[in-house]
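Quick note: numbers below take in every heavy atom, side chains included, and nothing from hydrogens, waters or symmetry partners.
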Amino acid sequence: MTQTSENVTWLTQEAYDQLKAELEYLSGPARAEITEKIQAAREEGDLKENAGYHAAKEEQGKQELRVRQLKQLLESAKVGEAPKADGTVAPGMVVTIAFDGDPDDTLRFLLASREYASADIETYSPQSPLGNGVNGKKIGADAEYELPNGKKATVKILDAKPYTG
């Protein structure tokens, strides 16, 4: 998982390897595939009216943006250990909170960078209002964060365990 401090992003070895593999794929095979798609669409004729060409160029732009993001992330990355299960919320942990201290109104989420977002579990960045509010707090503690409307909300931290995938 990641933990950002200043301009350094802390990654586990597994996370670093996963992101590096994605970068290598996007920089190599995926780049060649999109180039072939663009060339094939170009051969179909008039580029102004060619939806396939425009779609391929848009896909290429998104892919190149992701390559730049990954390069920047990996350049500033430091490989470290996964968080310890010591009862303190930290990036890389699955956190369970109760809204307004109500044990029936809970949310379980992964506190991590967007690179780890998945369909398996909701992910909140440590820089998000909720993520920032709970980060560093102990199980049983209350954490306050700012809602989009500017009001403050309080949650109780019920659990925090290292994410195991």
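For the salt bridge (Lys or Arg N to Asp or Glu O under 4.0 Å) condition, the pairs that include at least one residue of residues 123-150, sequence neighbours left out, are D142-K156, E146-K152.
Atoms CZ and OH, from R42 and Y53 in turn, are 4.5 Å apart once rounded to the nearest 0.5 Å. For the atom pair OG1 of T106 and CG of L158, the computed distance is 7.0 Å after rounding to the nearest 0.5 Å. Between atom CD1 of residue I97 and atom OH of residue Y145 there is a gap of 6.0 Å, rounded to the nearest 0.5 Å. Rounded to the nearest 0.5 angstrom, S128 OG and F109 CZ are separated by 7.0 Å. For the atom pair CG of L70 and CD of E75, the computed distance is 11.0 Å after rounding to the nearest 0.5 Å. Rounded to the nearest 0.5 Å, atoms CD (E22) and CG (D17) are 13.0 Å apart.
Scanning both residues, D159 and K161, for their nearest heavy atoms gives OD2-CE, 3.1 Å. Heavy-atom minimum distance, M93 versus T88: SD-O, 3.0 Å. A pairwise comparison of heavy atoms in V67 and S27 identifies CG1-OG, 4.0 Å as the closest pair. Across all their heavy atoms, N135 and P91 have their closest contact at OD1-CD, 3.5 Å. Closest non-hydrogen pair, G131 versus L111, comes out as CA-CD1, 3.5 Å.
Looking at heavy atoms from C-beta onward, N132 lies out of side-chain contact with P126 at the 4.5 angstrom threshold. Residues E122 and R108 are not in side-chain contact: their nearest non-hydrogen atoms beyond the backbone lie 4.5 Å or more apart.
Hydrophobic clustering places V95 together with L147 (ILVMFWY residues linked when any side-chain heavy atoms are closer than 4.5 Å, directly or through intermediates).
Side-chain atoms of Y16 and Q18 form no donor-acceptor pair, as typed in the model, at a separation below 3.5 Å.
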In a table with atom names and distances, give each donor-acceptor pair under 3.5 Å that connects a side chain of residues 29-39 to protein atoms at least two apart or in another chain.
| from | atom 1 | to | atom 2 | distance (Å) |
| --- | --- | --- | --- | --- |
| R31 | NE | E64 | OE2 | 2.9 |
| R31 | NH2 | E64 | OE1 | 2.8 |
| R31 | NH2 | E64 | OE2 | 3.3 |
| T35 | OG1 | R31 | O | 2.8 |
| K37 | NZ | E59 | OE1 | 3.4 |
| Q39 | NE2 | E43 | OE2 | 3.2 |

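Paired with Y124 under the rule side-chain contact (heavy atoms from CB on, under 4.5 Å), one option of L107, L110, V134 passes, and it is L107.
The closest donor-acceptor contact from the side chain of N50 to the backbone of A41 lies under 3.5 Å.
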